[in-house]
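Quick caveat, the model's predicted, so the values are computed rather than measured. What you see below is based on every heavy atom in this structure, not just the backbone, and it leaves out hydrogens, waters and symmetry mates. Below, read A as the first sequence line, B as the second, and so on, with proteins coming before strands; counting in each chain starts at 1.
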Amino acid sequence: MAEQGQIDNRGAAGAFRRLADLLEIRGESLYRVAAYRRAAESFDRLAEPITAVRARGELEDIPGVGTAIARKVEDLLDSGSFDLLREVEAEIPPGVAALLSVPDIGPKRARLLYRELGVESLEDLREALDQGRLDPIPGLGAGAARRIAEGLNSLQATDERLPLGVAHARGLALIARLRERAPGIRRIELAGSVRRHRETVGDLDIAAAADDPAAVVEAFATLPEVANIELRGPNRCRLVLVDGFPADLWVLPERHWGSLLFHLTGDKHHDIRVREMAVARGGRLSEYGFSAGGDLTPFAEEEDVYAFFGLQPIPPPMREDPAALDLAGRGALPEVLEVEHLRADLHLHTDWSDGKGTVREMALAARARGYSYIAVTDHSRGLAVANGLGPERLREQRAEIDAVNAELAPFRVLQGIELEVRGDGRLDLDDDTLAALDLVVAAVHSGLRQGRERVTERALAAIRHPLVDVLAHPTGRIVGGRAGGDFDLVALYAEAARTGTALEIDADPARLDLRDVHARAAVAAGCTLTVDSDAHVPGGLANASFGVGVAQRAWVPPDRVLNTLPLDALLGRLKRNRSLPS
DNA sequence: GCCGTTTTCGGCCCGACTGTTTTCAGTCG
């Protein structure tokens with residue numbers, strides 16, 4: 001942003017969220033408050049700078065923005081704030097809004113704490129609790145004070161989201177333990193943000209179906225790994241595990257399974273919008289089904305919910321985009337990549353470098369997944385810590401691959417490499433060596449902290465190289481860890497599209513790189529992608545499903561993913577087998 | 001404050017748990 005103090009989309013969203021919180025505490029109409037929140041969410045979702053929308057005079061075309069909010073946005077962009085926000089900020093200290101982040105504190109209690117006790121921040125709240133000042137307030141009993149104290153502690157203890165891969169594994173383990181103790185479970189699945197493949201997860205939402213829900217709840221609440229039960233009813237139990245992670249189980253009879261899974265998968269706005277469709281039909285939708293005039297229509301399968309409202313089924317990772325429902329209603333939802341589309345894995349490691357499986361073991365695991373070929377891409381010698389391969393060991397490896405191919409035909413193992421892009425931008429192996437391979441995946445592992453220009457130039461050099469077919473994990477980021485290099489991604493997309501070099505969605509849940517927004521931008525720029533596991537053990541091939549999740553969040557069509565192609569078609573697409581500009 | 005397959009006015013998602021003012025408000029997912 002050029003001008004100083006310029007408000008970007010996130011800033012605009014933040015201003016309206018702040019306004020909504022403060023007005024809610026003040027006791028304003030909840031519909032008005034919801035309107036500001038809805039506008040804030042629209043600003044977050046805008047595909048272009050809000051300043052550009054304003055310049056075209058199209059602010060009121062943004063969903064949830066009418067004349068009143070449009071005028072406030074204009075003031076905000078011109079002066080950094082607007083009258084109503086200034087007014088309410090002068091009336092209520094902004095720190096009071098922070099109280100809303102504490103479990104069991106909503107707008108009413110935040111106002112009560114501020115008015116009665118002068119609590120203006122989380123620190124003030126802690127102090128008031130320590131001094132026992134919450135107990136005597138009318139309208140806030142000792143029980144509520146205790147829950148608020150617990151909520152404040154849990155906020156400080158568990159204010160973290162887990163990487164998807166960790167949360168997913170933990171959720172599956174929890175489900176396995178629960179199944180042992182509750183054999184009456186007919187169906188059970190991780191829902192919520194895990195099912196939508198968000199890259200980080202704040203809690204586990206578990207949907208289950210059983211004839212006797214209370215028995216399942218009982219088994220869940222008495223698991224040894226439970227630290228604290230937050231609430232419990234006949235169909236539902238929310239608790240905190242000993243590691244501090246929250247888990248929420250909902251159980252209904254199997255005839256409600258579809259609507260329960262739909263409800264728990266969300267996201268919230270997706271759920272609400274379909275419920276609004278139910279209202280438009282003179283009824284209402286809940287986790288039990290569609291009810292109108294005392295009659296309940298239960299939904300046993302999730303697709304039944306969509307079908308009832310005349311919608312195409314929407315894959316969970318696509319549900320966070322409001323456009324999905326509009327398109328599904330017109331029968332125009334685009335096809336996106338599914339796990340079943342994948343015919344190969346083009347990035348995996350064996351015991352020739354830092355993997356744990358042999359070439360044969362990896363090939364057998366891939367064949368068991370239904371793949372028809374793989375590329376073995378062990379590290380090149382420059383990554384010495386990973387026992388990287390030079391020309392001589394590559395020739396030895398070729399002999400082993402030939403033997404496996406002779407045994408497993410028609411399954412086919414390609415010999416590839418994960419080629420280091422050195423700190424100075426040169427590639428780690430000479431062209432003759434690369435030309436002897438079937439496929440080359442290049443990667444920037446080192447020097448990610450170099451400046452934008454230098455690190456971008458290294459990646460561009462790899463993309464332009466006539467023997468490089470794929471750029472692996474293009475940003476180098478680690479989920480919940482390092483941010484990755486400061487690449488000029490727009491330049492990378494353009495050059496990858498021009499040269500026909502594929503960009504990878506590395507499906508290792510610690511990487512997920514490209515991430516969803518990047519993959520979407522890359523496809524829009526005309527790039528071809530790959531979805532690869534980067535597996536280092538045979539079981540790691542299953543991580544491909546996490547990459548498919550990223551692709552679905554990015555609305556990637558299957559025909560833009562290189563490893564959906566049959567082997568012959570893939571080979572024909574490689575630069576080395578075409579005559580192309582270099 | 002927004003918005004239109006009931007509507008330009010009068011609606012705005014649903015159900016459940018907790019604690020308590022014991023008939024329901026507040027909070028949550």
Practice task
Take the protein atom CD of A:E60 and the nucleotide atom C1' of B:dG1, then report the distance between them rounded to whole Å.
Solution key: 12 Å

Practice task
Look at atom CZ of A:R181 and say whether more than 12 heavy atoms of other residues, nucleotides or ligands are closer to it than 6.0 Å.
Solution key: yes

Handout entry: Separation of the C1' atoms in B:dG11 and B:dT22, to the nearest angstrom
Key = 32 Å

Handout entry: Whole-Å gap separating C1' (B:dC14) and CG (A:L260)
Key = 13 Å

Completion exercise
Picking from B:dT27, B:dG15, B:dG1, the nucleotide nearest the side-chain atoms of A:E287 would be B:dG15

Handout entry: Side chain of A:R109 - closest among B:dC2, B:dC13, B:dG26
Key = B:dG26

Problem - Nucleotide B:dG29, atom C1' - distance to CG of A:D104 in whole Å - result: 13 Å

Completion exercise
Out of B:dC12, B:dC17, B:dC2, minimum distance to the side chain of A:Y31 belongs to B:dC12

Exercise for the section: Would you indicate what A:L264 reaches in the nucleic acid, counting non-hydrogen atoms under 4.0 angstrom: base, sugar-phosphate, or nothing? Expected result: nothing

Handout entry: Rounded interatomic separation in angstrom, taking CG from A:L325 and C1' from B:dC13
Key = 14 Å

Handout entry: Nucleotide nearest A:R275 (side chain, heavy atoms from C-beta), chosen from B:dG29, B:dC12, B:dC13
Key = B:dC13

Practice task
Mind checking A:R37 for me? I need base, sugar-phosphate or nothing, with any heavy atom below 4.0 Å counting as a touch.
Solution key: nothing

Completion exercise
Rounded to the nearest 0.5 Å, the CZ atom of A:R232 sits from the CD atom of A:E218 at a distance of 4.5 Å

Practice task
Looking at every strand, decide which applies to A:D205 at a 4.0 Å heavy-atom threshold: base, sugar-phosphate, or nothing.
Solution key: sugar-phosphate

Exercise for the section: Could you check A:G141 against A:R281 and say which one's nearest nucleotide on DNA chain B is further toward the 5' end? Expected result: A:R281

Problem - Derivation and outcome, side-chain contact (heavy atoms from CB on, under 4.5 Å), residues A:L261 and A:R187 - result: CA-CA 10 Å; A:L261 185 61; A:R187 307 185 73 162; over 6 Å; no

Exercise for the section: Remember a base hit wins even if backbone is also touched, and classify A:A145 as base, sugar-phosphate or nothing at under 4.0 Å, heavy atoms. Expected result: nothing

Fill in the blank from the handout: The answer to which of A:V65 and A:L100 contacts DNA chain B further toward the 5' end, by nearest nucleotide, is A:V65

Exercise for the section: Return no unless some side-chain N or O of A:R238 is found under 4.0 Å from OP1 or OP2 of B:dG29. Expected result: yes

Handout entry: Interatomic distance at P, B:dT20 relative to B:dC13, whole Å
Key = 30 Å

Problem - Span that lies between the C1' atom of B:dT5 and that of B:dG1, in whole angstrom - result: 23 Å

Handout entry: Phosphate contact (B:dG1 OP1 or OP2) by A:K72 side-chain N/O below 4.0 Å
Key = yes

Handout entry: Between P of B:dT18 and CD of A:E150, the distance in whole Å
Key = 12 Å

Exercise for the section: For A:R369 and A:S533, test the side chains for any donor-to-acceptor distance below 3.5 angstrom and give the result as yes or no. Expected result: no

Problem - Closest nucleotide among B:dG29, B:dG1, B:dT18 to the A:D248 side chain - result: B:dG29

Handout entry: Nearest heavy-atom neighbours spanning A:E91 and A:P93
Key = O-CD, 4.1 Å

Handout entry: Chi angles and distances behind the side-chain contact (heavy atoms from CB on, under 4.5 Å) call for A:L113, A:V96
Key = CA-CA 9 Å; A:L113 292 167; A:V96 178; over 6 Å; no

Exercise for the section: Searching all strands shown, indicate the nucleotide that pairs with B:dT8 (Watson-Crick or G-U wobble; both distances under 3.5 Å). Expected result: none

Practice task
With C1' as the reference atom in both, quote the distance from B:dT6 to B:dG10 in angstrom, rounded to an integer.
Solution key: 11 Å

Problem - Euclidean distance for P, B:dG26 against B:dT21 (whole angstrom) - result: 13 Å

Practice task
Give A:I105 one of three labels, base, sugar-phosphate or nothing, depending on what nucleic acid heavy atoms sit under 4.0 Å from its own.
Solution key: sugar-phosphate

Exercise for the section: Pick base, sugar-phosphate or nothing for A:V279, based on heavy-atom distances below 4.0 Å to the nucleic acid. Expected result: base

Exercise for the section: Could you check how far CE of A:M277 sits from P of B:dC12, rounded to whole Å? Expected result: 17 Å

Exercise for the section: For B:dT8 and B:dG4, measure between their C1' atoms and round to the nearest Å. Expected result: 8 Å

Exercise for the section: Determine the Euclidean distance between corresponding P atoms of B:dT23 and B:dG15; express it in Å to zero decimal places. Expected result: 24 Å

Handout entry: C1' atoms of B:dC12 and B:dT7, separation to the nearest Å
Key = 12 Å

Exercise for the section: Indicate whether OP1 or OP2 belonging to B:dG19 is found under 4.0 Å from a side-chain N or O atom of A:R146. Expected result: yes

Fill in the blank from the handout: Closest to the side chain of A:T67, out of B:dG29, B:dC2, B:dG1, is B:dC2

Problem - Residue A:K108, side-chain atoms from C-beta onward, closest of B:dC2, B:dG15, B:dT27 - result: B:dT27

Exercise for the section: Remember a base hit wins even if backbone is also touched, and classify A:I272 as base, sugar-phosphate or nothing at under 4.0 Å, heavy atoms. Expected result: base

Practice task
Could you please name the option among B:dG1, B:dC28, B:dC14 that lies closest to any side-chain atom of A:P103?
Solution key: B:dC28

Problem - Interatomic distance where CG belongs to A:L239 and P belongs to B:dA16 [whole Å] - result: 19 Å

Exercise for the section: Examine the side chains of A:Q552 and A:H197 and answer whether a donor and an acceptor come within less than 3.5 Å of each other. Expected result: no

Exercise for the section: Carefully, step by step, assess A:H256 and A:H263 under the rule side-chain contact (heavy atoms from CB on, under 4.5 Å). Expected result: CA-CA 11 Å; A:H256 305 294; A:H263 170 62; over 6 Å; no

Handout entry: Per A:R147 side chain, nearest of listed nucleotides B:dG19, B:dC2, B:dC14
Key = B:dG19

Fill in the blank from the handout: A:L231 has its side chain closest, among B:dC12, B:dG15, B:dT18, to B:dT18

Practice task
Starting at atom CD1 of A:I148, determine the distance to atom P of B:dT20, rounded to an integer number of angstrom.
Solution key: 11 Å

